J.: 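Got a structure here, written out as structure tokens. Questions coming.
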There are 2 protein chains.
Amino acid sequence: MNIETAAAQLEALGNPTRLNIYRTLVRAGGSGLPVGKLQLKLDIAASTLSHHIRKLVEVNLVSQERQATTLICRANYASMNGLLGYLADECCIDETGACAPAASEVAA
Amino acid sequence: MNIETAAAQLEALGNPTRLNIYRTLVRAGGSGLPVGKLQLKLDIAASTLSHHIRKLVEVNLVSQERQATTLICRANYASMNGLLGYLADECCIDETGACAPAASEVAA
DNA sequence: TCGATCCTTCTAGAAAGTTAGAATTATAGG
DNA sequence: CCTATAATTCTAACTTTCTAGAAGGATCGA
């Protein structure tokens, strides 16, 4: 994980609509959700949703699998863990102990 | 922590320059860094730096303290921890265990 | 092959972000 | 009060993002 990748993933999550998409996918669990179901849940235009999903896919936070005519979207937990690890390691080093849990978690 | 706050903080960090600013402040430790030192380290225009710092201050990821003519900037570890906690709780719930460490960490 | 469903891509306009030079404010020292 | 230092705000140009209607591509059943 380098700083450019981390920034790109943070930027992808740094939009309320996309963060909501991602959170909805996480709550959907391992089976994921088709794009159409996401559209119904979030009530946004199909083209808008498609663009947002593409951004999340581009930074590897979401993966897609085609099943016939529907496209299943799933949250990529490994990528999120990588991002959380980067932030804990690179951006939360605190000798006062305020960030100790996260930092020690990775070191342990 | 609500989704709007989380998105705003993620957006603030989702720019390579700002993420670099934040990381530099983290590495500077509890004593922080004056804006001028940040400018020398990062080699960007003063006005540009000021705008980026303001964004980080607005979302409470960075705090500032005036000492005579210099403004000391410090990373706000508590805010970063709050953000990491939100992501672990709301966006990394994985029954397969891939995200279990982060989720259990907060619950414990 | 035709039609239906599902989703993406095209296109375009409005809105917001990024950058930095110039001017301005804030603070302190002489 | 004047000057110097430190940083912000103003301004403007450029780029990017966001949104969504319209058109197009992919897949499958009949």
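Everything numeric in this text was worked out from a predicted model, so none of it was measured. To find a chain, count down the sequence lines: A is the first, B the second, and so on, and within it residues start at 1.
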J.: What is the distance, rounded to the nearest whole Å, between atom CG of A/Leu49 and atom C1' of D/dG21?
T.: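 Spelled out: CG on A/Leu49 to C1' on D/dG21 is 15 Å.
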
J.: For B/Pro34 and for A/Glu11, find the nucleotide of DNA chain D with the closest heavy atom, then tell me which residue's nucleotide is more 5'.
T.: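 Going by which nucleotide is closer to the 5' end, it is B/Pro34.
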
J.: Going by side-chain hydrogen bond (donor to acceptor under 3.5 Å, both in side chains), name the residues that satisfy it together with B/Asn60, two or more places apart in sequence or in a different chain.
T.: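 B/Ser79.
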
J.: Reckon B/Thr48 touches a base, only the sugar-phosphate, or nothing at all at heavy-atom distances under 4.0 Å?
T.: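 B/Thr48: base contact, heavy atoms under 4.0 Å.
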
J.: Heavy atoms within less than 4.0 Å of DNA chain D: which residues of residues 55-64 of chain B have one? Give them sorted by number.
T.: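 Heavy-atom cutoff 4.0 Å gives B/Gln64.
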
J.: If I take atom NE2 in residue B/His52 and atom C1' in nucleotide D/dA7, what distance separates them, rounded to the nearest angstrom?
T.: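 In whole Å, D/dA7 C1' and B/His52 NE2 are 16 Å from each other.
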
J.: When you list every nucleotide of DNA chain C with an atom under 4.0 Å from a heavy atom of chain B, which one comes first 5' to 3', and which comes last?
T.: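 Here the contact window of chain B covers C/dG17 to C/dA28.
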
J.: Classify every nucleotide of nucleotides 22-29 of chain D by which part a protein heavy atom approaches to under 4.0 Å, writing B for the base, S for the sugar-phosphate alone and - for neither, in 5'-to-3' order.
T.: B----BS-

J.: Atom CG of B/Asn15 to atom P of D/dT16: distance rounded to whole Å?
T.: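 Value for this atom pair: 13 Å.
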
J.: Measure the distance from NE2 on A/His51 to P on D/dC18 and round it to the nearest whole Å.
T.: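 So the NE2-P distance, A/His51 to D/dC18, works out to 11 Å.
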
J.: In this structure, how many angstroms lie between the P atom of D/dT8 and the CD1 atom of B/Ile72, rounded?
T.: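 It works out to 12 Å between those atoms.
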
J.: A/Thr24 side chain to A/Asn20 main-chain N or O, any donor-acceptor pair under 3.5 Å?
T.: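 Side chain of A/Thr24 to backbone of A/Asn20: a pair is present.
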
J.: Please identify each residue that fulfils salt bridge (Lys or Arg N to Asp or Glu O under 4.0 Å) with A/Glu65, with sequence neighbours left out.
T.: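 Residues passing salt bridge (Lys or Arg N to Asp or Glu O under 4.0 Å) with A/Glu65: A/Arg74.
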
J.: If the condition is side-chain contact (heavy atoms from CB on, under 4.5 Å), which residues does B/Ser47 pass it with, not counting sequence neighbours?
T.: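 In terms of side-chain contact (heavy atoms from CB on, under 4.5 Å), with neighbours along the sequence ignored, B/Ser47 is linked to B/Ala45.
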
J.: May I have all residue pairs that pass salt bridge (charged side-chain N to carboxylate O under 4.0 Å, His left out) and include part of residues 31-60 of chain A, sequence neighbours excluded?
T.: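 Residue pairs passing salt bridge (charged side-chain N to carboxylate O under 4.0 Å, His left out), neighbours aside: none found.
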
J.: Only pairs at least two apart or in different chains count here, so list each salt bridge (charged side-chain N to carboxylate O under 4.0 Å, His left out) that has a residue in residues 5-15 of chain B.
T.: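 For residues 5-15 of chain B: none.
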
J.: How many angstroms lie between atom CG of B/Leu13 and atom CG of B/Leu61, to the nearest 0.5 angstrom?
T.: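 Interatomic distance, B/Leu13 CG to B/Leu61 CG, rounded to 0.5 Å: 5.0 Å.
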
J.: Does D/dT17 have OP1 or OP2 sitting under 4.0 Å from an N or O in the side chain of A/Arg18?
T.: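 Answer is no, no contact under 4.0 Å.
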
J.: Not counting sequence neighbours, which residues clear side-chain hydrogen bond (donor to acceptor under 3.5 Å, both in side chains) with A/Thr69? List them please.
T.: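 In terms of side-chain hydrogen bond (donor to acceptor under 3.5 Å, both in side chains), with neighbours along the sequence ignored, A/Thr69 is linked to no residue.
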
J.: Return the value, rounded to whole Å, for the distance between atom CG of A/Leu42 and atom C1' of D/dC18.
T.: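 Rounded to whole Å, this separation is 16 Å.
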
J.: List the residues meeting side-chain hydrogen bond (donor to acceptor under 3.5 Å, both in side chains) with B/Thr48, not counting sequence neighbours, and say none if there are none.
T.: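 Checked B/Thr48 against side-chain hydrogen bond (donor to acceptor under 3.5 Å, both in side chains); zero matches.
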
J.: Just to be sure I understand the rule, does A/Ser50 reach a base, reach only the sugar-phosphate, or reach nothing, if contact means heavy atoms closer than 4.0 Å?
T.: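 Base, at least one base heavy atom under 4.0 Å.
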
J.: Return the value, rounded to whole Å, for the distance between atom CG of B/Leu71 and atom P of D/dT9.
T.: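 These atoms are roughly 10 Å apart.
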
J.: Looking at residues at least two apart in the chain, or sitting in another chain, which of them share a salt bridge (Lys or Arg N to Asp or Glu O under 4.0 Å) with B/Arg18?
T.: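 Listed in chain order: nothing, the list is empty.
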
J.: Which residues pass the side-chain contact (heavy atoms from CB on, under 4.5 Å) test with A/Ala7, sequence neighbours left out?
T.: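 A/Ala7 satisfies side-chain contact (heavy atoms from CB on, under 4.5 Å) with B/Pro16, B/Leu19 only.
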
